[in-house]
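Heads up, the thing below is written out as structure tokens.
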Amino acid sequence: ETGVTQTPRHLVMGMTNKKSLKCEQHLGHNAMYWYKQSAKKPLELMFVYSLEERVENNSVPSRFSPECPNSSHLFLHLHTLQPEDSALYLCASSQEMGLAGGQDYEQYFGPGTRLTVT
Amino acid sequence: AQKVTQAQTEISVVEKEDVTLDCVYETRDTTYYLFWYKQPPSGELVFLIRRNSFDEQNEISGRYSWNFQKSTSSFNFTITASQVVDSAVYFCALSEAGYGGSQGNLIFGKGTKLSVKP
């Protein structure tokens with residue numbers, strides 16, 4: 001496996017279910033990200049982890065719970081979601097987070113998980 | 001406030017035509033980075049280019065070229081001799097050193113959907 005992988009690729013869940021999205025990066029990066037991509041809205045950053053510590057949480061509802069057990073894995077735990085949470089959830093990684101030492105690092109994205117909440 | 005505007009929602013061209021995708025950004029920072037990403041139907045965002053705010057030199061990579069103009073806060077992307085495989089959604093993004101430790105988060109435009117017809 002190379003790059004950034006995400007599982008599952010497609011997920012349909014009811015509003016009372018609990019599920020988890022998984023992301024794995026094989027690039028030796030130190031930073032990982034969760035994004036939400038809804039129809040007709042820009043990509044929204046949800047969470048940022050740097051060296052397994054959460055750095056950024058852009059006011060995401062508590063029904064989304066991230067977990068970063070190590071620098072290669074990132075999870076997004078979902079519970080009691082709403083239909084408006086249906087979207088493509090993208091994971092990304094970068095060598096370092098953002099503008100570290102004046103050097104920015106491009107983010108590499110996974111293929112995403114298409115989530116439908118019924 | 002930081003913002004990225006891609007005014008063209010959808011563009012349709014015939015193969016071999018040249019096409020320019022517009023990107024206008026807003027930022028208070030003097031140090032920032034601009035990016036273009038391509039999102040094919042498979043969903044995975046593919047990194048195309050990164051440009052820092054101190055380098056206004058235009059760049060060419062094969063059929064792709066980028067025109068960065070700080071005077072107009074624009075970072076436009078041109079594809080020459082377009083091909084069907086260029087069909088995708090293209091995102092322009094901005095990364096800046098923010099406040100309160102929020103560094104380098106990518107701020108995306110809404111994307112431009114390019115359709116290249118044979």
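The sequence lines fix the lettering, A, B, ..., with proteins before strands; numbering per chain opens at 1. The analysis underlying the following values was restricted to heavy atoms, covering all of them including side chains, and did not include hydrogens, waters or symmetry mates.
For Gln82(A), the CD atom counts as densely surrounded, since its 6.0 Å shell holds more than 12 non-hydrogen atoms of other residues, nucleotides or ligands. Residue Lys38(B) places its NZ atom among more than 12 non-hydrogen atoms of other residues, nucleotides or ligands, all under 6.0 Å distant. Few gaps surround CD on Glu84(A); more than 12 heavy atoms of other groups in view lie less than 6.0 Å from it. Within 6.0 Å of NZ in Lys16(B) there are 12 or fewer heavy atoms belonging to other residues, nucleotides or ligands.
The minimum heavy-atom distance linking Gly109(B) with Pro42(A) is given by the pair O-CB, 3.9 Å.
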Worksheet item: Going through the checks in order, is the side-chain contact (heavy atoms from CB on, under 4.5 Å) test met by Leu43(A) and Ile107(B)?
Response: CA-CA 8 Å; Leu43(A) 272 151; Ile107(B) 299 146; over 6 Å; no
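Both Ile49(B) and Tyr32(B) belong to a common hydrophobic cluster when Ile, Leu, Val, Met, Phe, Trp and Tyr are linked at side-chain heavy-atom distances under 4.5 angstrom. In this structure, Phe108(B) is not a member of the same hydrophobic cluster as Val46(B), with clusters built from ILVMFWY side-chain heavy atoms closer than 4.5 Å. Following chains of ILVMFWY side-chain contacts shorter than 4.5 Å, one cannot reach Tyr33(A) starting from Phe47(A), and the two form parts of different hydrophobic clusters. Note on Met46(A) and Leu21(A): same hydrophobic cluster, where clusters join Ile, Leu, Val, Met, Phe, Trp and Tyr whose side-chain heavy atoms are under 4.5 Å apart, directly or indirectly. Criterion: ILVMFWY side-chain heavy atoms under 4.5 Å apart, direct or through other members. Under it, Val24(B) and Trp66(B) are not part of a common hydrophobic cluster.
Note: Tyr108(A) and Phe47(B) have tilted aromatic rings, judged against thresholds of 30 and 60 degrees for the angle between ring planes.
Contact of Gln37(A) with chain B is made through the side chain alone, with heavy-atom distances under 4.5 Å. Contacts of Arg9(A) with chain B are made by side-chain atoms alone, with heavy-atom separations under 4.5 Å and no backbone atom involved. Only the side chain of Gln39(B) comes within contact range of chain A, with at least one heavy atom under 4.5 Å from a heavy atom of that chain.
Contact annotation: the side chain of Leu106(B) never approaches that of Leu45(A) to less than 4.5 Å [non-hydrogen atoms, C-beta and beyond]. Residues Glu106(A) and Tyr33(B) form no side-chain contact, since every pair of their non-hydrogen atoms from C-beta on lies 4.5 Å or further apart.
Residues of residues 75-84 of chain B lying under 4.5 angstrom from chain A, judged on non-hydrogen atoms, do not exist here.
Proximity of a side-chain donor or acceptor of Tyr37(B) to a complementary backbone N or O of Gln107(A) within less than 3.5 Å is detected.
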Residues 7-14 of chain B side chain polar contacts: donor-acceptor under 3.5 Å, at least two apart:
residue	atom	partner	partner atom	Å
Gln8(B)	OE1	Asp22(B)	N	2.7
Gln8(B)	NE2	Thr20(B)	O	3.2

